[in-house]
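Worksheet for the structure shown next.
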Amino acid sequence: MSEQGGGVKPGNGGNGKGKAQAQKAAAEQTGEAAGGTGEPAGRLGGEAQALGYTQGRGGRAGWGRYLVAPRPMGMLGGGVPPIEAAALFALLEEDPEVEPVAQLRPSRPQGLGAITEPHPACPPVAVVAMSEQRARALAANPQVVVEADQPLAYTPTPPISTGMGTAVPVVDPMLTITLEEPGTVRLRVVGGDGQAVAGAHVWAIGSSIPVHGVTDRDGRVSLTLAADTPETLQGLYVRPVSGYWPLRTGRPDLTEDGEAVVEVQALAETFEGSPGRALTGWGTQAMRLHQIPPTYRGHGIKVALIDSGVNTDHPDLKESVRHGHDLTTVGGGDGTWNVDITGHGTWCAGVIAAADNRTGITGIASEAELHALKLFPGGHVSDLLRAVDYCVTHDIDIAQINLAYAFPSQLMAWKLLDAHAAGITVIAPAGDTAGPLTQPAALPGVLAVGALAHTGTYPSTAPLAAVQPPWPGPYPAPFTPTWPGVDLVAPGAAVITTALGDGYTPADGTAVAAAHVTGLAALLLAHHDHLRTQVMPRIPARADHLYTLLRTACRPLPGADPARMGAGIADAPTALGIPHAWQQQDYRTEQAHAAAGPYPRS
């Protein structure tokens, strides 16, 4: 939660701003990119004229989706009168150059939150289709806010290391020199026992644009090299869906028939008895989660995971994830929230709430009520606004937002102020950018989580091994942001978690790190004497207190840059106030270490 626009992000305890100041900071943070200059435009000679409306219907080719809302009174310049949402929406309905799509009305929190925050910060929003010219005309009026309804995506990735001291950046396709007859490289991916590995993602890294393919049931894939030859390839990356470690290797050695065989290492070779035996990953030990009482399971806490859905067919998730909503479907029906075509939401769900069934992994807050809100693929910022409203109306305690958008959104900043007013703790991955924080992690009131890696927790053939430091122990993951703004860090590399199907996979990313913090936050809300729901109602002070506890319970990393690592790594016993005597005599400690086994050695 870095400083934005000269203001401090709320939620940092006694240093947080009041609501009015926070609204101003959020508006300044998003700036003119959010639509409108905010400067007075003088008296209006009729609302339609002032809003830039003209007669005639423009062509629909090239129209885009936009968000249009009345600017709140506190955000208007001197002498500029406000416009009512109903009047604005009526004008949009009548405009022949605007096609209304939907209207988003603010949701009210329940209980005491509704009394203390009767006026939402985010106004009603119209989702419309129109041309860029019409959008610019509307945005010129200081009475309204106009934004592009940006598509949601996962955060950008940094340049790829080839393991030879070099990195391959993304290449401008217009500068790529293509071959008249593209070459082909054929690969077969197998496990240590020679068994074919189907569904594995394979990337060939050359001097130009990476080439991608997925292995068939025989473990085979054919990659077309438009700008490379097999001789100019610098490396191969293989990521199986589950059951195996990812692999980084150099130029493939082709056999006489022109096919290269690539062998990946099974998780069972690292964790004896996997997946039938319970295992504890290095992240659990790094956060000392194994040193808390076994009764701490997050019961009664509602967590919303805003991602790609969750694979509820997984044995560890079918009982622990029973609630969800698909916001990518027309009309906002339940849809297929329990189908995850990326695996990303399933990774994070396992870290947070995988069932304690004595096999595989156990989630940090295994008895929390997890709501899977599906926004990818196909979601937009308007759907993210709806997802936050869902959190408000369903009394969600913690919302983890794993999806990002490219440009700042003033409406999103205001909507998250409403979530904070309802006592909702918002956690987001800082982004896998190796650079600046992404949106919405950079917004006020959002706990931004960076990722930590640990040497010796992955095989020497794993991609992480190519960029690990020369010293042993924890270190900033190579993809975690390098710019200031990270609040704290958590394990986010080589984390064993639930996968598509019924298996497990090593997962990387700041979203995986954020899931560790979300799980710990659920334990705090359920079991900390000053945070339990029955003790403290869902009001802003509850979220602020939780932010403060998480940050002050962190252990700094020796030699790490505080601007990159924030307060350090969250320590569970400290955050929960577990007595030191319990930590010493905890009978689960020895059991957890035995289940985890030694770290896999390079």
Side-chain angles (χ1 to χ4, degrees), residues 23 26-27 30 33-38 40-41 43-60 63-77 80-108 117-151 327 329-332 379-390 392-393 405 409-419:
Q23 287 181 343
T30 53
T37 61
R43 291 288 179 182
L44 299 179
E47 287 180 339
Q49 180 180 354
L51 289 171
Y53 281 75
T54 58
Q55 296 298 318
R57 180 171 293 279
R60 294 177 182 270
W63 280 21
R65 277 175 46 137
Y66 293 88
L67 307 177
V68 183
R71 191 177 296 275
M73 183 176 297
M75 299 294 114
L76 291 169
V80 177
I83 182 172
E84 293 292 334
L88 174 61
F89 293 172
L91 291 169
L92 294 173
E93 290 276 356
E94 297 169 0
D95 193 319
E97 295 191 43
V98 174
E99 181 179 332
V101 176
Q103 293 182 10
L104 310 179
R105 299 283 178 175
S107 297
R108 293 285 297 276
E117 291 291 339
H119 302 294
C122 186
V125 178
V127 184
V128 303
M130 57 185 170
S131 67
E132 183 179 355
Q133 290 76 13
R134 171 59 70 221
R136 289 182 179 275
L138 287 173
N141 189 292
Q143 291 177 302
V144 297
V145 176
V146 180
E147 300 178 359
D149 192 12
Q150 304 175 64
L327 290 110
T329 58
V330 177
H380 293 76
V381 168
S382 58
D383 301 312
L384 184 54
L385 294 173
R386 292 168 55 209
V388 177
D389 279 337
Y390 177 101
V392 172
T393 57
Y405 42 90
S409 167
Q410 189 168 4
L411 293 171
M412 196 68 242
W414 286 334
K415 183 64 72 176
L416 291 181
L417 285 174
D418 289 336

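Heavy-atom basis, side chains included; hydrogens, waters and symmetry copies ignored. Residue indices begin at 1 and follow the sequence shown.
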Open item on the list: Can you tell me how far apart CD (Gln143) and CE (Met75) are? Round to the nearest 0.5 Å.
Closed with: 15.5 Å
Task: Between CD on residue Gln410 and CZ on residue Arg71, distance to nearest 0.5 Å - done: 5.0 Å
Open item on the list: If you compare all heavy atoms of Trp63 against all heavy atoms of Val98, which two are closest, and at what distance to 0.1 Å?
Closed with: CH2-N, 4.2 Å
Open item on the list: Quick one, Asp418 with Val388, criterion side chain to side chain contact (heavy atoms under 4.5 Å, CB included). Give me CA distance, side-chain angles, the key distance, then yes/no.
Closed with: CA-CA 9 Å; Asp418 289 336; Val388 177; over 6 Å; no
Task: Qualifying residues under side-chain contact (heavy atoms from CB on, under 4.5 Å), relative to Pro70, sequence neighbours excluded - done: Ile83, Ala85, Leu88, Pro123
Task: Leu384 vs Lys415 side-chain heavy atoms within contact, under 4.5 Å - done: no
TODO: For the residue pair Leu138 and Met130, establish whether any side-chain heavy-atom pair is separated by less than 4.5 Å.
DONE: yes
- [ ] Measure across Pro142 and Leu76 and return the closest heavy-atom pair with its distance rounded to 0.1 Å.
- [x] O-CD2, 3.3 Å
TODO: Could you tell me which residues satisfy side-chain hydrogen bond (donor to acceptor under 3.5 Å, both in side chains) with Tyr390, sequence neighbours excluded, listed by chain and number?
DONE: His371
Open item on the list: Tell me every residue that passes salt bridge (Lys or Arg N to Asp or Glu O under 4.0 Å) with Arg105, counting only those two or more places apart in sequence or in another chain.
Closed with: none
Open item on the list: Test of understanding: with side-chain hydrogen bond (donor to acceptor under 3.5 Å, both in side chains), list the residues that count as partners of Asp149, not counting sequence neighbours.
Closed with: Arg65, Ser382
Open item on the list: Rounded at 0.5 Å granularity, tell me how far CG in Asp389 sits from SG in Cys122.
Closed with: 7.5 Å
Open item on the list: What I'd like to find out is whether the side chain of Val68 reaches to under 4.5 Å of the side chain of Leu92, using heavy atoms alone.
Closed with: yes
Task: Option passing side chain to side chain contact (heavy atoms under 4.5 Å, CB included) with Leu67 (candidates Val125, Val145, Val146) - done: Val125
Open item on the list: I need the minimum non-hydrogen distance between Ala121 and Leu417, along with the two atoms involved.
Closed with: CB-CB, 4.1 Å
- [ ] Check Phe89 against Ala126 and note the closest heavy-atom contact, atom names and distance.
- [x] CE2-CB, 3.4 Å
TODO: Apply salt bridge (Lys or Arg N to Asp or Glu O under 4.0 Å) to the pair Arg386 and Asp383, showing each step before the final yes or no.
DONE: CA-CA 5 Å; Arg386 292 168 55 209; Asp383 301 312; 2.9 Å; yes
- [ ] Side-chain contact test, heavy atoms from C-beta onward, threshold under 4.5 Å: evaluate it for Arg134 versus Tyr66 and give yes or no.
- [x] no
